[in-house]
Engineer: 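Okay, handing you the structure first.
Keep in mind the model is a prediction, meaning the values are calculated, not measured. The chains referred to below are lettered A, B, ... by the order of the sequence lines, with proteins before strands, and numbering in each begins at 1.
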Amino acid sequence: MHSFGYRANALLTFAITILALMCAMASLSDNLNSPSPSAHVQVLNVNWFQKQPNGNDEVSMTMNISADLQSLFTWNTKQVFVFLAAEYETPKNSLNQISLWDGIIPSKEHAKFWIHTSNKYRFIDQGRNLRGKEFNLTMHWHVMPKTGKMFADKIVMPGYRLPEEYR
Amino acid sequence: MGWIGETIDSIKSIQIRQLLTQAVSLGMIVTSALIIWKALMCITGSESPVVVVLSGSMEPGFKRGDILFLHMSKDPIRAGEIVVFNVDGREIPIVHRVIKVHERQDGEVDILTKGDNNYGDDRLLYAQGQLWLQRHHIMGRAVGFLPYVGWVTIIMTEKPIIKYILIGALGLLVITSKD
């Protein structure tokens with residue numbers, strides 16, 4: 001009954017139970033945080049805008065992205081993955097989401113940033129619908145915890161428009 | 001003579017009884033593990049509710065050996081979500097992030113994925129000539145995360161000898177244990 005094996009087993013079980021409980025509590029404590037992030041994006045220039053040989057529209061643009069995501073960080077946050085997506089509707093597709101830029105924020109110190117960039121991923125439509133197209137720019141973030149549940153949310157910035165002509 | 005025979009009988013009966021108890025308790029452990037796994041499958045709606053990260057393509061978010069909990073719901077797939085998908089002709093499922101979504105009016109969807117730590121998107125990983133993932137490629141989306149625990153399975157699959165030693169030791173423990 002009180003052999004070495006029995007005691008080792010009891011100790012291991014207890015240690016794992018406590019560890020699991022602590023992980024669960026750390027994950028639950030994230031719910032207490034009510035973040036208030038802000039983001040602002042300015043489209044500075046449409047570098048080029050053309051029809052690909054296969055018939056799809058492609059556009060390249062330069063943007064100013066500024067955001068303050070410091071309030072997303074808690075003690076259980078490993079990193080925040082942030083990306084900017086163009087979202088629009090076309091006659092064929094009820095929703096198009098195209099990631100234009102993304103980044104990984106490793107710590108709270110880096111969570112207030114300002115960046116001047118052209119789109120990192122190609123902005124290609126499925127078709128020829130981009131001329132004069134109105135679109136939303138949406139800042140999404142995915143909070144990756146040290147352990148437990150992952151969180152995600154977004155800020156929608158409406159009212160951007162592509163030029164009427166290819167250039 | 002009768003006395004000796006009686007003793008032997010009692011020893012024999014005890015051993016059989018012990019053997020049976022051990023077999024039943026072992027069976028209980030195995031079946032309860034199976035029950036938990038199947039229950040998780042029902043709750044999450046995914047055919048593999050827990051996956052182990054095998055590559056570093058999602059670092060620093062997910063490292064090799066981390067465990068992901070998957071959930072498969074009817075909700076539409078959106079950009080930014082981390083999905084687990086199977087590509088035709090590949091056995092091992094891949095865990096990557098969705099970067100482009102084109103959803104048609106009837107709900108059919110085209111998805112492009114990319115690993116956070118990879119330079120380019122996943123078109124090179126897809127089957128020859130495949131440009132997009134469809135709904136049926138997706139096995140689930142990652143909702144939760146537990147670090148390091150998956151190392152146990154990685155070690156066991158890569159060094160099978162450790163698996164046999166472990167199984168042998170456990171078997172020995174079951175056979176020799178008295179209570």
Engineer: As an exercise: rank A:Phe83, A:Trp141, A:Phe151 by heavy-atom pairs under 4.5 Å with chain B and give me the winner.
Structural biologist: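 Result: the option with the highest number of such pairs is A:Phe83.
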Engineer: Between B:Arg78 and chain A, with a heavy-atom cut-off of 4.5 Å, which part of the residue counts as in contact: side chain, backbone, both or neither?
Structural biologist: both
Engineer: Test your reading of the model: is there a side-chain donor-acceptor pair from B:Arg64 to the backbone of B:Ser55, 3.5 Å cut-off?
Structural biologist: no
Engineer: Decide, yes or no, whether a salt bridge links A:Glu165 with A:Arg131 under the criterion of side-chain N to carboxylate O below 4.0 Å.
Structural biologist: no
Engineer: Heavy-atom cut-off 4.5 Å, strictly under: side chain, backbone, both or neither for A:Lys146 against chain B?
Structural biologist: backbone
Engineer: Is it true that B:Ser46 and B:Thr44 share a donor-acceptor pair across their side chains at a distance under 3.5 Å?
Structural biologist: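 Result is no, nothing qualifies.
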Engineer: Can a side-chain donor-acceptor contact be found between A:Asp125 and A:Tyr88 if the only test is distance below 3.5 angstrom?
Structural biologist: yes
Engineer: What part of A:Ile104 is in contact with chain B, defined as an atom under 4.5 angstrom from a non-hydrogen atom: side chain, backbone, both or neither?
Structural biologist: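 Only the side chain of A:Ile104 comes within 4.5 Å of chain B.
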Engineer: May I ask whether A:Trp48 and A:Leu100 are part of the same hydrophobic cluster, defined by side-chain heavy atoms of I, L, V, M, F, W, Y residues being less than 4.5 angstrom apart, directly or through others?
Structural biologist: no
Engineer: Is A:Pro91 close to chain B through its backbone or its side chain, or both, or neither, when contacts mean heavy atoms under 4.5 Å?
Structural biologist: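 The backbone, not the side chain.
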Engineer: Tell me, for B:Pro76 versus chain A, whether the close heavy atoms (under 4.5 Å) come from the side chain, the backbone, both or neither.
Structural biologist: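 Neither part; nothing is under 4.5 Å.
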Engineer: Looking at A:Phe135, I'd like to know if the NZ or CZ of A:Arg161 sits under 6.0 Å from its six-membered ring centre while staying within 45 degrees of the ring's axis.
Structural biologist: no
Engineer: Is it the case that A:His110 and A:Gln70 place a side-chain donor and acceptor less than 3.5 Å from each other?
Structural biologist: no
Engineer: Counting only heavy atoms closer than 4.5 Å, note whether A:Met144 contacts chain B via side chain, backbone, both or neither.
Structural biologist: side chain
Engineer: Is it the backbone or the side chain of A:Lys149 that comes under 4.5 Å from a heavy atom of chain B, or both, or neither?
Structural biologist: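 Answer is both: backbone and side chain atoms of A:Lys149 are under 4.5 Å from chain B.
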Engineer: Hey, any chance B:Ile82 and B:Val50 share a hydrophobic cluster, counting ILVMFWY side chains that come within less than 4.5 Å of each other, even indirectly?
Structural biologist: no
Engineer: If we define contacts as heavy-atom pairs under 4.5 Å, which of B:Ala142, B:Pro147, B:Ala79 has the most with chain A?
Structural biologist: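 The candidate making the most pairs under 4.5 Å is B:Ala79.
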Engineer: Side chain, backbone, both or neither: which part of A:Gln126 has a heavy atom under 4.5 Å from chain B?
Structural biologist: both
Engineer: When only heavy atoms count and the cut-off is under 4.5 Å, which of residues 99-127 of chain B reach chain A?
Structural biologist: B:Ile99, B:Lys100, B:Val101, B:His102, B:Glu103, B:Arg104, B:Gln105, B:Asp110, B:Lys114, B:Asp116
Engineer: Whether the A:Asn33 and A:Asp30 side chains hold a donor-acceptor pair (N or O, under 3.5 Å, no angle test) is what I'd like checked.
Structural biologist: no
Engineer: With clusters defined by side-chain heavy atoms of hydrophobic residues (ILVMFWY) lying less than 4.5 Å apart, directly or transitively, does A:Leu137 cluster with A:Phe113?
Structural biologist: yes
Engineer: In the single-linkage hydrophobic clustering (I, L, V, M, F, W, Y; side-chain heavy atoms under 4.5 Å), do B:Leu133 and B:Leu70 co-cluster?
Structural biologist: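 B:Leu133 and B:Leu70: separate clusters.
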